[in-house]
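A short worksheet on the structure shown next.
Residue numbers run from 1 in the order of the sequence given. Because the structure is a prediction, the values reported are computed rather than measured.
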Amino acid sequence: MRSSILFCLSLTVLLAACAKPAPAYRDEAFTAESPFEYRSTLEPLDNCQVGQRALLSQGYQVEMGRPNSVKGSKFFQPESGHQTELSITLVCLPSGSGGSVLYASAVQSRYELKSASSSAGVSVAGMGSISLPWMANKEAMVKVADETVTDPDFYKRLFALIGNLEGE
């Protein structure tokens, strides 16, 4: 009896470990309220310029692909062997009620230092085939995760800075 209970518990734990995680799209609400938008009385191009200045003022490397969008990125090294990149995309579109809406989306990418070793042999001609192992270690930063930043406070801080720069 006791062994059958242990078997059932073990089987339950094994099945739970093999279960697939729930798909991310199930949590998507698509509500009218959005922490990712900032409304302004400025024209879209002017609003994007203010967003660009906001990112530049915080040390982001900025690239402007189109006049109505800005992309900025900044790197962080929280600890040795780990690196994080925070990329922010701003898109400025006209608002139906005049002015514009600035949409922001941020992605955090994590990188870790990974090492791989390889070996090669060396043959000396004339002396026969002598192989000497040659060990080489290569280290590289490898992307291990991407995550969209959904924290409303993050976007509130960004939009507060943009609002402060709007009058300049």
Ring-plane angle category for Y38 and F159, please: parallel below 30°, perpendicular beyond 60°, tilted otherwise.
parallel

Measure the CG-OG distance between L113 and S80 for me, rounded to the nearest 0.5 Å.
7.5 Å

Taking the side chain as every heavy atom from C-beta outward, state whether F36 and V91 have any pair of such atoms under 4.5 Å apart.
no

Spell out, yes or no, whether Y155 and L55 are grouped together once hydrophobic residues are joined by side-chain heavy atoms under 4.5 Å, including indirect joins.
yes

Report yes or no: do F76 and V149 belong to one cluster of Ile/Leu/Val/Met/Phe/Trp/Tyr joined by side chain heavy-atom distances under 4.5 Å?
yes

Q77 and Y111: side chain donor to acceptor below 3.5 Å
no

In Å, rounded to the nearest 0.5 Å, how long is the span from CD of Q58 to CD1 of I88?
9.0 Å

Rounded to the nearest 0.5 Å, how far apart are CD1 of I162 and CZ of R157?
13.0 Å

Indicate yes or no for a side-chain donor-acceptor contact from K114 to the backbone of K143 under 3.5 Å, with no hydrogens or angles considered.
no

Rounded to the nearest 0.5 angstrom, the SG-CZ distance for C48 and R53 is 12.0 Å

Throw together a table of side-chain donor-acceptor distances under 3.5 angstrom for residues 92-110, partners on residues two or more places apart or in other chains.
from, atom 1, to, atom 2, distance (Å)
S95, OG, S97, N, 3.4
S95, OG, S97, OG, 3.2
S100, OG, L42, O, 2.8
S100, OG, N47, ND2, 2.9
S109, OG, D146, OD1, 2.4

Could you give the distance from CZ (F75) to CD (Q83), rounded to the nearest 0.5 Å?
6.0 Å

By the salt bridge (Lys or Arg N to Asp or Glu O under 4.0 Å) test, which pairs, at least two apart or in different chains, include something from residues 32-49?
E37-R39

When rounded to the nearest 0.5 Å, the distance separating NZ of K71 from CD of Q61 is 12.0 Å

